[in-house]
**Student:** 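Quick one: structure below, then a few questions.
Reminder, nothing fancy here: chain letters follow the sequence lines and each chain counts from 1. Atom set for the values below is all heavy atoms of this structure, side chains included, hydrogens, waters and symmetry mates excluded.
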Protein chains: 2
Amino acid sequence: MRKDVHTDGIPVLCVSCEARHKGVCGALEPEQLVALAKTSHKHHAESGSELLGDAEKIDTYANVLSGVVKLTKTLSDGRQQIVGLQFAPDFLGRPFKTESELNAEAATEVSLCSFPKASIERMMQASPELERRLYKQALKELDDAREWMVTLGRKTAAEKIASFLLMIARHIDPSAAPDRNSASFDLPLTRADIADFLGLTIETVSRQLTRLRADKVITIENNRHILVPDLARLEARAGN
Amino acid sequence: MRKDVHTDGIPVLCVSCEARHKGVCGALEPEQLVALAKTSHKHHAESGSELLGDAEKIDTYANVLSGVVKLTKTLSDGRQQIVGLQFAPDFLGRPFKTESELNAEAATEVSLCSFPKASIERMMQASPELERRLYKQALKELDDAREWMVTLGRKTAAEKIASFLLMIARHIDPSAAPDRNSASFDLPLTRADIADFLGLTIETVSRQLTRLRADKVITIENNRHILVPDLARLEARAGN
DNA sequence: CGGCCGGTTGAACGATATCAAACACCGTGG
DNA sequence: CCACGGTGTTTGATATCGTTCAACCGGCCG
């Protein structure tokens, strides 16, 4: 456990930053944080803007401070698949590769704190603790990816939608803690994104959502806001 | 680069081990190798035997020395999905977790070199180089998983089969190097396994294989041995 | 021999895709 | 103010791909 009581020596940029607590920056000593903060800067990206292109040279990494970033892969004929979603305070980047194999795009309005690739890599050499955090995040992403492989390969459209809603609820709704059994949140993705995430078409996504609504498992307001009165009922439809 | 010319001080167990070169053990100094070798042992597992059960306590890690290990996840009603394949000299294990979230099963006859979880973890503390290798393998597995998500979510049955054959060819057939344009290999998986890997049924797998054979893209001998006279033609069917 | 296992093949069905139309919302410009 | 076009979403009719159910084949082993 690190002492976070004092803010002495913590860069202003970082004082109220979530990444300093739960993110990778939590691995750094105050003086390292100062060094890193010198070369980093916060910035916003509006929904839909591309953060990183496929086959593009990677020169910066970033922390997601708010919003949702989608990682996508596209086949030559245009078929697309979302292969990862990153929420705050996830680390965005692929160490040890100079070129990206995927696209990163802001799914919502996003705020980022980005730093030069070289800074992170230098700091990784110096701080095993940082490397370990990054390693752990990679393992978590791998666990998530494998979980989704089951969803993509073996679940029905209805189960996919239920699984997706559950995943979002867990990530976004603070009240969806283990004990609470209801949830309420805004979908960070359009129907098209959801389709790309689940390997479905937008029509199927729409139909399954209306079906869940008709069955009173969820309520939908303004197309984006979802209310789940009973998470257990939703889970029962996720097919795990 | 490590000097591998002398075998002085290299444990007998490790002298001719592939993992010492391309695997994680390559990160270790001779004396560390000696220490690790003391607590490790090689053993075989026959095809179909379970190496690690879901929700089982993890107490050993291992290197795959030969053969293929499949990582699977199963839904409560029995639907199964293969979420990873491990070839020599891959490292088998999930650091930082005490309980497995998946099943590991020998897909072929397999030989392993396994060590106590604690040994590896101690050594990881001592050797950043080892941790880095493990980190890199995790990133590679993540890349692979994401590649398969595209296959699972967006490709047709025919494309899935072609992609699968290509992946196996690249892993198994030594002659399938970039320059060579033909390949020949034994499938390490049964039709049922292939189906679980691709999110299909065995009937569909069988039909698509016969179709590829009918179209003269592949030749099949003894149900298991595959010959690909022209890898480019197979690639054209993988839909990337 | 008989039974089992892995694989192939056929026929019918059904879930999801595809094609098409309409709707709701929203900002723009007349 | 309303008409307009654009975007995201819903809904309906039809088509298609992959599943399901069933039969059969060949090799292997008891």
**Student:** Mind checking whether A:L71 and A:L92 have side chains closer than 4.5 Å, heavy atoms only?
**Tutor:** yes
**Student:** Give the rounded distance in Å between these two atoms: CG of B:L209 and P of D:dG18.
**Tutor:** 14 Å
**Student:** Nearest heavy atom decides the nucleotide; on that basis, is A:S206 or B:A157 closer to the 5' end of DNA chain D?
**Tutor:** A:S206
**Student:** Taking 4.0 Å as the cut-off, does a side-chain nitrogen or oxygen of A:N222 come that near to OP1 or OP2 on C:dA24?
**Tutor:** no
**Student:** Using heavy atoms to find the nearest nucleotide of DNA chain C for B:V205 and A:K155 separately, return the residue whose nucleotide is more 5′.
**Tutor:** B:V205
**Student:** Using a cut-off of 6.0 Å, state whether more than 12 heavy atoms not belonging to B:K97 lie near its atom NZ.
**Tutor:** yes
**Student:** What's the closest nucleotide to the A:E203 side chain, out of C:dA17, C:dA20, D:dG18?
**Tutor:** C:dA20
**Student:** Tell me the interatomic distance from A:E221, atom CD, to D:dT9, atom C1', rounded to whole angstroms.
**Tutor:** 17 Å
**Student:** Within this structure, what is the CG-to-C1' distance between B:N223 and D:dC25, rounded to whole angstrom?
**Tutor:** 11 Å
**Student:** Given D:dT11, C:dT16, D:dG18, which nucleotide is nearest the side-chain atoms of B:T204?
**Tutor:** D:dG18
**Student:** Taking donor-acceptor contacts at under 3.5 Å, does the side chain of B:R207 reach the base of C:dG10?
**Tutor:** yes
**Student:** Whole-Å distance between D:dC17 P and B:K160 NZ?
**Tutor:** 14 Å
**Student:** Could you check whether A:G48 gets within reach of a base, just the sugar-phosphate, or nothing at all, counting any heavy atom under 4.0 Å?
**Tutor:** nothing
**Student:** Which pairs, with at least one residue in residues 198-215 of chain A and sequence neighbours excluded, count as a salt bridge (charged side-chain N to carboxylate O under 4.0 Å, His left out)?
**Tutor:** A:D215-A:R237
**Student:** Could you check how far CG of A:D193 sits from C1' of D:dT9, rounded to whole Å?
**Tutor:** 14 Å
**Student:** In whole Å, what is the span from the CD1 atom of A:I220 to the C1' atom of D:dT10?
**Tutor:** 11 Å
**Student:** Taking atom C1' of C:dA17 as reference, at what distance in whole Å does atom CG of A:D196 sit?
**Tutor:** 14 Å
**Student:** Without swapping roles, check the side chain of B:R191 against the backbone of B:S206 for a donor-acceptor pair under 3.5 Å.
**Tutor:** no
**Student:** Within the structure, does a side-chain N or O atom of A:T201 lie under 4.0 Å from either OP1 or OP2 of C:dT16?
**Tutor:** no
**Student:** Taking all heavy atoms of B:G199 and all of B:L152, pick out the closest pair and write down the distance.
**Tutor:** N-CD2, 4.0 Å
**Student:** Scan A:L200 against the nucleic acid and name what it touches under 4.0 Å (heavy atoms): base, sugar-phosphate only, or nothing.
**Tutor:** sugar-phosphate
**Student:** When the distance from CD1 of B:I202 to C1' of D:dC21 is rounded to whole Å, what number comes out?
**Tutor:** 12 Å
**Student:** Ignoring hydrogens and angles, does a donor from either the side chain of B:Q208 or the base of D:dC17 sit under 3.5 Å from an acceptor on the other?
**Tutor:** no
